[in-house]
Amino acid sequence: MIKIEAIIRPNKLDDVKAALDALGVQGMTVSHVMGSGKQRGRTQHYRGQEYVVNLLDKIKLETVVSDAEADSVVKAITKAAATGEIGDGKVFLSRIDNAVRIRTGEEGDGAIR
Amino acid sequence: MIKIEAIIRPNKLDDVKAALDALGVQGMTVSHVMGSGKQRGRTQHYRGQEYVVNLLDKIKLETVVSDAEADSVVKAITKAAATGEIGDGKVFLSRIDNAVRIRTGEEGDGAIR
Amino acid sequence: MIKIEAIIRPNKLDDVKAALDALGVQGMTVSHVMGSGKQRGRTQHYRGQEYVVNLLDKIKLETVVSDAEADSVVKAITKAAATGEIGDGKVFLSRIDNAVRIRTGEEGDGAIR
Amino acid sequence: MVKAGRILAAGGLFLLAMGAARAEQDIDTGDTAWVLISAALVMLMTPGLGLFYAGMVRAKNVLGTLMHSFTMVALVGVAWVLWGYSLAFGGDGALIGSLEWIGLRGVTGDPGPYADNIPHLAFMTFQGMFAIITPALISGAFAERMRFGAFLLFMLLWSTFVYSPICHWVWGSGGWLGGLGALDFAGGTVVHISSGIAALACALMLGRRKHLGSEEMAPHNLTMTIIGTALLWFGWFGFNAGSALAADGLAASAFVVTNTAAASAALSWMLVETLHRRRSTALGAASGAVAGLVAITPAAGFVGPVSAVVIGFVVSFLSYGAILLKGRLGYDDALDVVAVHFVGGAWGALATGLFASLAINDGGANGLFFGGGLALLGRQFVGVAATAAFSLIASLIILLLVRVFIPLRVTDEDETIGLDLSQHGEMGYNLEAV
Amino acid sequence: MVKAGRILAAGGLFLLAMGAARAEQDIDTGDTAWVLISAALVMLMTPGLGLFYAGMVRAKNVLGTLMHSFTMVALVGVAWVLWGYSLAFGGDGALIGSLEWIGLRGVTGDPGPYADNIPHLAFMTFQGMFAIITPALISGAFAERMRFGAFLLFMLLWSTFVYSPICHWVWGSGGWLGGLGALDFAGGTVVHISSGIAALACALMLGRRKHLGSEEMAPHNLTMTIIGTALLWFGWFGFNAGSALAADGLAASAFVVTNTAAASAALSWMLVETLHRRRSTALGAASGAVAGLVAITPAAGFVGPVSAVVIGFVVSFLSYGAILLKGRLGYDDALDVVAVHFVGGAWGALATGLFASLAINDGGANGLFFGGGLALLGRQFVGVAATAAFSLIASLIILLLVRVFIPLRVTDEDETIGLDLSQHGEMGYNLEAV
Amino acid sequence: MVKAGRILAAGGLFLLAMGAARAEQDIDTGDTAWVLISAALVMLMTPGLGLFYAGMVRAKNVLGTLMHSFTMVALVGVAWVLWGYSLAFGGDGALIGSLEWIGLRGVTGDPGPYADNIPHLAFMTFQGMFAIITPALISGAFAERMRFGAFLLFMLLWSTFVYSPICHWVWGSGGWLGGLGALDFAGGTVVHISSGIAALACALMLGRRKHLGSEEMAPHNLTMTIIGTALLWFGWFGFNAGSALAADGLAASAFVVTNTAAASAALSWMLVETLHRRRSTALGAASGAVAGLVAITPAAGFVGPVSAVVIGFVVSFLSYGAILLKGRLGYDDALDVVAVHFVGGAWGALATGLFASLAINDGGANGLFFGGGLALLGRQFVGVAATAAFSLIASLIILLLVRVFIPLRVTDEDETIGLDLSQHGEMGYNLEAV
Ligand SMILES: Nc1ncnc2c1ncn2[C@@H]1O[C@H](COP(=O)(O)OP(=O)(O)O)[C@@H](O)[C@H]1O
Ligand SMILES: Nc1ncnc2c1ncn2[C@@H]1O[C@H](COP(=O)(O)OP(=O)(O)O)[C@@H](O)[C@H]1O
Ligand SMILES: Nc1ncnc2c1ncn2[C@@H]1O[C@H](COP(=O)(O)OP(=O)(O)O)[C@@H](O)[C@H]1O
């Protein structure tokens with residue numbers, strides 16, 4: 001199994017979820033993160049003082065899929081999350097050795113669908 | 001070393017922590033995430049409009065353990081987090097190549113206990 | 001590529017970021033997590049009742065770097081995040097099989113710099 | 001229209017009741033205390049409205065939404081003193097006031113022509129608080145997308161060229177609607193219909209928020225909305241009972257029906273929700289309370305408590321229906337100003353024509369259900385129609401004019417980022433900073 | 001019991017002091033302004049209480065807890081006008097009022113039998129605000145687990161069959177406790193003891209929250225609790241000083257002791273915490289302030305400022321002790337209504353028997369420490385005991401009755417999910433939506 | 001200095017205007033209602049200030065910051081009654097009051113020497129609310145780092161040995177500054193200059209926050225700051241218009257200029273921000289409003305509305321400039337108490353010397369721009385200088401003294417953890433608990 005970890009723009013989450021839905025991928029875990037990279041933050045002002053916030057709100061979406069699905073899932077995410085502007089984010093792939101569905105105790109590919 | 005990543009129900013965190021404690025596993029990192037899967041969300045209503053929230057509050061618990069411990073830890077988590085209802089969550093296992101304890105610089109298994 | 005995952009004290013984030021900056025590492029993803037380990041929590045009191053909070057605020061910093069950079073990055077983080085007191089946190093290393101830059105579709109090492 | 005019994009009766013009956021020992025131009029300290037505290041209460045309503053609205057938007061727009069109310073206290077607060085009050089209450093014109101009281105020249109601590117029992121300045125500032133909240137009410141319509149500069153310019157023009165004239169028509173000396181003899185105790189037409197229909201103009205001109213319908217736009221903090229509702233309700237006692245311009249039986253009566261209608265409408269909104277969706281919500285209870293307060297506003301000094309129960313009970317069904325209708329018609333009145341203020345205000349004005357009773361206020365009239373026939377109802381209808389028509393058209397013209405100088409909407413990117421960062425360079429919450 | 005000097009003295013001394021030029025049935029504008037603004041202040045206390053309570057629960061129950069207070073303004077707001085006031089203040093019965101003022105028939109802007117200086121409607125609505133907050137106080141006991149429908153039904157019945165009778169006993173014309181001559185200036189028995197002991201009934205009948213003790217149940221937002229405390233303290237000036245029913249020296253005296261007792265109790269709660277846990281907390285300061293306000297309520301118009309310092313100082317030790325005791329006894333009075341309102345109210349009622357002084361209010365009596373012997377203290381004790389006994393038993397009966405129609409508790413799953421989603425289909429906070 | 005016309009005119013003109021039927025020692029119910037509600041309004045300002053400040057700190061210090069205000073209501077609330085009022089207003093000394101009214105002995109519901117139209121207790125408690133908020137204002141300077149015990153001790157001493165004397169100088173019978181004939185309507189010197197310069201002493205003595213400049217210290221919740229601002233503005237009507245000590249034309253005039261100056265300053269702060277940073281912020285609008293309220297405080301009963309527009313407009317430039325200057329000078333006045341209260345208060349006091357007019361208040365004087373020459377301006381300057389010098393030196397001495405017993409600052413570790421956990425063992429928010 002492959003874990004696909006995508007860092008995307010918050011306002012792209014709905015599009016990405018729809019794209020995954022279209023592929024039949026429903027299981028995923030999402031969290032609020034902050035990212036730094038090439039994208040520049042907006043400056044904030046509080047009583048004349050300037051704060052440059054260089055950690056920007058991002059969404060991390062994790063989904064563990066079978067080896068076979070990985071490629072199409074990455075493509076779908078990449079397509080749905082892209083705007084072409086700096087800050088679109090990354091997708092990281094890594095190997096998962098096993099998965100267990102807590103409810104049933106099922107392991108392996110059966111646990112993630 | 002193995003990283004055990006469990007997505008569980010928020011109200012099961014205390015039970016899971018107790019179960020890990022019983023095994024002598026104290027080191028862990030916990031975060032608030034949102035999950036989507038088979039479990040259906042509750043609908044919300046705001047001024048007559050319906051919102052179906054399909055991202056549900058979950059807890060992600062990560063703990064890195066030695067290869068030897070992994071099995072019993074997964075079992076303990078699975079047992080403590082299960083209710084038998086859809087939405088209990090998953091446990092994912094993956095390999096960690098090294099660990100460093102920041103305080104001392106210790107590496108490997110010594111860093112995580 | 002290597003994923004470096006560091007659990008650090010919240011107030012060390014600025015120092016760690018500066019250290020990474022000095023190495024030319026700008027891309028990273030940061031999130032608020034809670035950690036348990038050897039460090040003891042402060043007790044809280046609400047109307048005479050005692051709550052010992054054993055999940056403490058921590059920051060998780062993730063950065064994916066090329067194999068060559070990994071070592072120096074870990075050193076930099078370890079140095080910047082250390083106070084010598086219990087609770088400084090851990091660094092975990094694991095292998096990333098591929099990375100994609102969403103904006104351009106670039107893959108591999110090119111996607112993360 | 002007749003505001004309070006106070007205004008008309010000022011030269012007559014009332015003075016006798018005050019006790020013979022009081023000279024004709026004397027200030028009554030009790031009445032003055034009541035009007036001053038009422039003015040303070042109405043002032044508090046505007047930030048209260050800001051909270052009510054800001055709780056309903058997404059977190060990235062919370063400050064921008066608060067600013068829509070807060071800056072009205074500042075902007076109209078100054079404009080009212082410099083020219084707004086004079087345009088609304090100066091002179092004897094049928095359509096608009098005069099410039100005689102510009103910069104409050106001649107408006108002093110002595111009683112003025114509108115109330116002989118309180119300082120003219122107390123009357124002025126009490127009225128000023130109404131002038132402040134009215135444009136703020138509109139802002140719910142264009143929440144989450146209006147450019148801040150365009151907002152300020154629109155509001156300055158609207159306050160001057162829509163609020164002041166309508167206020168003069170209804171409450172100003174010689175105002176044509178006041179002359180007709182319709183009833184508006186505390187601002188059903190002047191405040192709620194004028195702003196409620198202007199909200200429609202804004203919603204139409206600004207267009208829908210990006211991704212409305214596809215993205216989730218649930219209220220970001222309903223506890224804030226509840227706090228705002230509490231402050232609105234609290235302040236509304238000043239709004240309605242203060243409009244008696246005296247601390248007397250009429251004020252007490254207005255106070256009681258205000259509370260009663262709000263309570264009744266909160267219950268009936270919860271009921272209609274339960275019928276429609278099987279659950280009653282906190283946002284619903286709050287919305288109902290506000291709708292009830294809107295509806296009772298024109299009627300407050302003219303109807304009894306049981307009538308107030310009915311007026312409040314009915315308004316929730318009308319406003320809730322208008323919200324559902326909005327979904328069908330497709331305009332994006334983000335925070336339902338049309339449904340709550342225009343529909344609620346119009347119902348309240350017409351309900352005054354149904355439920356008014358001389359037994360409650362002998363300076364008023366009898367409505368349809370109290371033996372007065374259709375006469376009052378007809379006059380009320382004219383008031384609603386004239387106010388709505390003028391405000392709708394004038395608001396559209398002003399928006400078109402503003403657009404010549406500043407785009408009304410923020411850019412798409414700024415809308416995505418939110419008003420707080422894009423318009424003000426701030427964030428509402430930094431709850432997790434170290 | 002004697003409420004304010006006002007009620008008893010209404011026909012006598014007071015009028016003389018008002019100046020000869022004032023006719024007997026004249027409304028005093030200053031007194032009316034004071035009672036109306038006091039009513040508004042007391043109204044604000046109920047949402048303030050909602051915030052005080054809601055800050056202490058977990059985030060998933062924040063709206064449900066706010067609704068427990070907010071809906072009381074709506075529900076009792078209507079019921080009081082329709083029948084509650086008449087049951088409490090109509091007629092001359094010993095045990096309960098009459099139906100003569102049902103729907104406020106005959107209650108007008110003229111003075112009524114309870115106060116000749118203000119409109120009857122002003123007295124009615126001021127009293128109504130007390131009727132609203134009292135049941136809301138109870139709701140802290142069953143926080144985080146009561147079914148919303150059962151809650152509404154319980155409250156409607158409790159207001160009608162517990163509050164109105166007790167109110168009549170103490171303040172109504174002919175009420176038997178009033179006849180005894182015990183003192184309750186602003187509602188120590190009527191409001192705090194009645195609700196505080198009803199809270200015990202609720203805690204016992206509903207049982208403990210799931211996982212109490214094992215799961216962490218720390219307050220989710222103490223800043224909200226502080227805001228609520230501020231609004232409660234602010235509103236309490238209306239509650240206590242408004243109970244003078246006039247803007248006079250007695251009102252000023254009640255105002256001063258109210259502030260003083262609250263301040264003193266906030267300090268002493270911080271002290272007892274420091275002794276017990278080596279730290280003084282914000283929740284403790286807030287809790288102390290509220291306990292002090294409760295304790296001074298019955299005494300407000302009868303004691304001097306130094307007595308108020310003592311009354312406030314002592315109450316924190318008693319209430320804090322009662323909270324510790326609760327832990328031992330094991331009932332789950334979630335937000336400590338028993339400890340704060342029953343214990344605080346009982347202490348205040350008895351303290352009135354200790355500290356009351358004719359030098360402060362010649363319509364009152366001298367307590368034990370001011371040369372009055374044990375007579376007043378005994379009467380105070382009867383008041384506490386009778387109110388507590390009746391409210392406890394009647395509350396239990398009503399809960400048993402409600403349970404026949406609707407389960408009192410939410411299901412286990414709904415309790416886990418929280419009241420907001422399960423009872424209202426909403427969430428309090430969506431701070432991280434896009 | 002002359003506070004309100006009321007105090008000086010108490011034996012003269014005013015009584016005539018009250019009507020012949022009123023006996024000389026009679027309480028006016030309207031005036032009493034106004035002063036009591038004003039006292040309640042000013043009380044609310046202190047928790048309002050707590051919110052204003054607490055929104056600007058980091059989340060880990062939110063309760064600690066709220067406590068800095070909240071505990072002042074408690075601590076000074078008790079101290080004022082026990083000895084503070086007597087030290088400020090008792091006796092006839094030039095430099096300090098006496099102990100004659102200790103524990104409020106002899107202070108009753110009858111009128112006192114400072115106002116013959118209201119109960120002495122009403123005057124006492126109104127003044128007490130000023131004594132409460134003044135030290136709370138200082139606390140913004142040492143936010144996020146002061147030890148709680150040291151804080152309490154400092155405040156108790158400051159209130160007793162700085163506030164009470166200065167208050168006596170200015171408003172007390174025989175006070176030397178009052179004797180000079182400078183004008184301070186509602187506390188420009190007594191409240192704002194005294195606290196604003198004490199803030200400088202605290203900032204210097206406590207030193208800078210750890211990591212200031214390197215770590216981000218953005219306000220954690222500006223919606224809280226806006227709520228606080230709204231409550232401050234609302235309460236300030238009591239502060240300024242209540243200082244008339246009567247519900248009359250002067251109160252109305254003070255009310256109007258208060259609102260106008262706040263509104264004008266909110267606009268001008270937004271302007272100066274836009275000039276400097278191209279964006280106007282919510283924090284800026286709030287800061288401007290507070291600065292405007294500070295500036296109009298000494299002038300409130302002496303200047304007209306157009307003057308108020310100017311006074312408010314100017315203050316934002318001065319305060320904003322002072323904030324920028326702070327950055328250069330390097331002291332860490334965390335929440336800009338010096339810039340807002342000292343600079344704003346000093347400007348207001350001097351502006352009174354420019355804009356005061358006998359046409360507004362014939363108990364006042366004419367300022368430079370109204371034909372009064374430099375005389376008044378000179379007296380105002382003496383008032384500013386004397387108050388600032390005394391408060392600065394006395395505050396430093398008290399801090400040095402406190403430091404002998406308790407370290408002023410928390411430990412480094414506790415500062416990192418935050419005041420909430422380290423000083424109070426609590427957390428403000430637990431929004432994500434299960
Ligand atoms: N090396 C990295 N490791 C982990 N996360 C990264 C890395 N580089 C970028 N990110 C994440 O991706 C986000 C977008 O990166 P950025 O460089 O701003 O734009 P882009 O991906 O379009 O080149 C960052 O905010 C951060 O969250
Ligand atoms: N393929 C997946 N990858 C990552 N997380 C998943 C995946 N499938 C499920 N999850 C997580 O597990 C949670 C529970 O899954 P769900 O399908 O609702 O129930 P169950 O695990 O009982 O079958 C989800 O809310 C989500 O957080
Ligand atoms: N085995 C582990 N797996 C995952 N995270 C861990 C593990 N052990 C510790 N941590 C994280 O590291 C943090 C610090 O650990 P702790 O034992 O308190 O101190 P130290 O790292 O200085 O020995 C914890 O709060 C937790 O977030």
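Lettering follows sequence order; numbering is per chain, from 1.
The greatest number of non-hydrogen atom pairs below 4.5 Å with chain E, out of D/P219, D/G238, D/A289, is found for D/P219. Looking only at heavy-atom pairs under 4.5 Å with chain E, the residue among D/S264, D/S280, D/A230, D/S253 that has the most is D/S280. Between chain E and the options D/E273, D/H220, D/R278, D/M224, heavy-atom pairs under 4.5 Å are most frequent for D/H220. Among E/L44, E/L63, E/T125, the residue with the largest count of heavy-atom pairs under 4.5 Å with chain D is E/L44. Counting heavy-atom pairs closer than 4.5 Å to chain D, the top-ranked of the candidates E/G64, E/P119, E/G128 is E/P119. Chain E forms more heavy-atom pairs under 4.5 Å with one residue of D/A266, D/A282, D/A59 than with any other, namely D/A282.
The contact between E/A39 and chain D is made by backbone and side chain atoms together, counting heavy-atom distances below 4.5 Å. Interface remark: D/A262 contributes no atoms to any contact with chain E (heavy atom separation under 4.5 Å). Heavy atoms closer than 4.5 Å to chain D are found in the side chain of E/V62, but not in its backbone. Heavy atoms closer than 4.5 Å to chain D are found in the side chain of E/M124, but not in its backbone. Contacts between E/V81 and chain D at a heavy-atom distance below 4.5 Å involve the side chain alone, from C-beta outward. Only the side chain of E/L104 comes within contact range of chain D, with at least one heavy atom under 4.5 Å from a heavy atom of that chain. Of the atoms belonging to E/S422, it is backbone heavy atoms, and not side-chain ones, that fall under 4.5 Å from chain D. Within the 4.5 angstrom heavy-atom criterion, atoms from both the backbone and the side chain of E/Y429 approach chain D.
Of all the heavy atoms in E/A40 and D/F255, the pair that sits closest is N-CZ, 3.6 Å. Residue E/E426 comes nearest to D/L222 through the heavy atom pair OE2-CD1, 3.4 Å, listed as atom of the first residue, atom of the second, then distance. Here the closest non-hydrogen pair linking D/T281 and E/M67 is O-CE, 3.5 Å.
Taking CG of E/L152 as the reference point, atom CE of D/M270 lies at 5.5 Å (rounded to 0.5 Å). Here D/L250 contributes atom CG and E/I27 contributes atom CD1; the two are 10.5 Å apart, rounded to the nearest 0.5 Å. The structure places CD1 of E/I37 at 11.5 Å from CG of D/L36, a figure rounded to the nearest 0.5 Å. In this structure, CG on E/L51 lies 5.0 Å from CD1 on D/I227, to the nearest 0.5 angstrom. One distance of note links NE2 of E/H424 with CG of D/L283; it measures 12.5 Å at 0.5 Å rounding. Distance CG/E/L41 to CZ/D/F237: 10.5 Å, rounded to 0.5 Å.
Side-chain contact check for D/N221 versus E/N430: every heavy-atom pair is 4.5 Å or farther apart. In this structure the side chain of E/T29 never reaches within 4.5 angstrom of the side chain of D/D248, judged on heavy atoms. Contact of the E/F70 side chain with the D/W233 side chain is registered, since non-hydrogen atoms from C-beta on lie closer than 4.5 Å. For the pair E/R105/D/V306, no side-chain contact is recorded, criterion being any heavy-atom separation below 4.5 Å from C-beta on.
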